[in-house]
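Here the structure is laid out as structure tokens; the discussion comes afterwards.
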Amino acid sequence: MVARGLTRRYGSRAALHGIDLTLARGDCLGLLGLNGAGKSTTLKILTGVLAPHAGSVSFCGHDLARAPLAAKRHLGFLPDVPPLFTDASVDEYLALCAQLREVTALGEAVARAKARCGLADVGPRLIRNLSKGYQQRIGIAQAIVHEPAVLVLDEPTVGLDPVQIRDVRQLITDLARQHAVILSTHLLAEVQQICTRVAVLHQGRLVHEGALGGDDCWLRLRLRATVSADQLQALAGVQQVTASDDGSWLLRVNSPAAAEHIALGVAQQHLGLLELRPADSAIEQTFLDLTIGAAAAPAVHA
Amino acid sequence: MINVVLRRELQSLFRAPFAWAVLAVTQLIIAYQFLAQVEIFTELQPRLARMAMPPGVTQLVVQPLLVTIAMLLLFIVPALTMQTLAGERRAGTLALWYSAPVALRTLVLGKFGGVLALLGVIWIGAALMPFTLAWGTALDLGTLAAGLLGLALLMAAATAIGLFFSALTSQPTLAALGGFGCLMFLWLCDWSARVDGEPTLFTHLSMMKHFQPFVRGYVDSADVAYFLIVIVSALVLTVWRLDGDRRAF
């Protein structure tokens, strides 16, 4: 388990303002934010690569600043660039990583990490000669080889092809059952697909933190007639209405079953129903609201 | 834990052709000089025989050899240490060490040991060559041992300085240049010594001035202390510099 007090960091400018995050086994927290929002800085502080100006991080009760070695034993980290020794073979590299984290059953740990990341058949090959997708998976294998309680992944699917992205997401979902996982990304769909909780960073502040999914869901509605938001708001089951750039509407409803009432209402008013479907990314709207719309909003805990 | 870092450092050094090239070139130069000195020694033999206190084979062959190796080290060591930290910083692999349960001093000592182990091969070569003369001549083992001790201390000091410059930057070539510049300065800095031979601050700083007594067979505790101080301070500065990477200012 992980607990974090306020954390903060400056270059010459403020990068993070008092971020609070907690994580329990089985959690998969997605850290979202625009470029430069402070995602990587947050992850570097969580993993001891950077020290915070204020605040503390602890793993399984070990404070990262006071007992760094004990704390880091429970930590697996995949930075944005996988830290690979390209002149080593996959087996050698993973064995080295396991030794660094004081794993006793070395061969077993390496074999298990390789099996989970689909690396079983490339063990003796030099890392330098493997493709980017393999290298990314070696980076993940490196982070899980010692079965850490907390797994920190910085943009784990960047640069992968669609099949590899699907595999890696599946792998992370599996890992999240036994480990606490925190991952950063700017892909909203990724968070929606694999995370149980989401935290949104904007300009170094935590603007949203809460469970994902829940009862909320979003519908995308396209009409031939021109209507006002108030008109749609009046439909049964609609909680919130937002106009989308492409002329369609995003409706927040309390349950997917509300679609039936909306369709009925729209048909009765002869508004010309062209499209009504679940919105691709429910959190997209939340995200855009939080980062662009309500930039200065204080932290919201859902 | 230090063994893990040391083994990794050796792996990284020996997986690249550079270390092998360094070993080959050094060995070639040393061997050539060794043969040349032996040649001179045999030519001088008749004249030496007429002298009351002739210089021995150790003075005529081994001492110039050690000085040559010392000069070579000024070039070689920064080239070997440049990748250790600067290369890792550039490749982004320092994050692996930083996020692993490894203390910075363990990391630095491991890397120090790794480079020293490679230099140890050169040291062994330098030690074995004079021993081939032991069959035909009388070696001054005491002088030889003192010289080899001095060489080992010089290797360690140069490695520690090289590591420090490697910790400063993410550009290996810059690290090599910095290390080389610093070693060269330390080697030659008593150029500014006064004509009357009165020692100045630079005389005390000069690595050459502290190395030469070893070659001549004197082990002075002041010289040993000089090298130990250089080694320890460079290593401590390296750890500080790495800590500065993540510390909040």
Side-chain angles (χ1 to χ4, degrees), chain A residues 7-12 15-16 40 43-55 59 62 64-65 67-89 92-93 95-102 126 128 139 142-143 145-146 148 150 152 154, chain B residues 1-21 80 82-111 113-115 118 167 170 172 239-249:
Chain A
T7 45
R8 183 180 296 189
R9 194 198 171 266
Y10 299 94
S12 57
L16 291 182
S40 286
L43 296 191
K44 280 179 183 165
I45 290 176
L46 292 182
T47 52
V49 174
L50 283 179
H53 275 90
F59 298 105
H62 302 289
L64 190 59
L69 302 192
K72 286 174 182 175
R73 247 166 239 142
H74 302 286
L75 169 74
F77 179 37
L78 171 69
D80 45 0
V81 181
L84 306 177
F85 297 127
T86 52
D87 53 9
S89 74
E92 287 167 340
Y93 174 70
L96 169 86
C97 294
Q99 280 175 315
L100 276 184
R101 280 73 168 263
E102 293 160 5
L126 286 186
R128 184 193 301 139
Q142 160 274 125
V145 70
H146 54 303
V150 182
V152 180
D154 197 351
Chain B
M1 189 56 65
I2 205 164
N3 287 335
V4 181
V5 185
L6 195 151
R7 276 211 311 276
R8 165 59 208 156
E9 194 53 41
L10 275 180
Q11 184 188 54
S12 124
L13 283 168
F14 280 110
R15 285 281 163 88
F18 188 72
W20 296 102
L80 288 173
M82 69 178 185
Q83 289 290 347
T84 50
L85 294 162
E88 291 224 29
R89 181 177 285 128
R90 188 162 66 167
T93 47
L94 275 185
L96 181 75
W97 303 110
Y98 288 169
S99 65
V102 180
L104 284 180
R105 60 171 182 281
T106 315
L107 174 66
V108 170
L109 282 178
K111 289 188 168 286
V115 177
L118 173 69
S170 57
V239 172
W240 277 4
R241 176 62 191 86
L242 290 183
D243 195 38
D245 265 0
R246 55 183 177 189
R247 203 169 30 199
F249 289 105

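All heavy atoms count here, side chains included; hydrogens, waters and symmetry mates do not. No experiment lies behind these values; they were computed from the predicted model shown. Quick note on labels: first sequence line is chain A, next is B, and so on, each numbered from 1.
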Do A/T47 and B/Y98 have side chains that approach each other closer than 4.5 Å (heavy atoms only, starting at C-beta)? no
Heavy-atom proximity to chain B below 4.5 Å, by part of A/L84: backbone
If I measure from the heavy atoms of chain B, does A/A88 come under 4.5 Å with its side chain, its backbone, both, or neither? both
Note: B/A100 and A/K72 closest approach over all heavy atoms is O-CD, 3.4 Å
Separation of B/Q11 CD from A/F85 CZ (nearest 0.5 Å): 8.5 Å
Minimal heavy-atom distance between B/V4 and A/L96, with the atoms involved, is CG1-CD1, 3.4 Å
Could you state the interatomic distance from OH (A/Y93) to CG (B/L96), rounded to the nearest 0.5 Å? 4.5 Å
Examine whether an atom of B/A95 lies under 4.5 Å from a heavy atom of chain A, and if so say whether it belongs to the side chain, the backbone or both; otherwise answer neither. both
Can you tell if the side chain of B/R15 reaches within under 4.5 Å of the side chain of A/E92, non-hydrogen atoms only? yes
Distance, nearest 0.5 Å, that separates OG of B/S99 from CG of A/L46: 12.0 Å
Interchain contact, A/P68 with chain B, by part (heavy-atom threshold 4.5 Å): neither
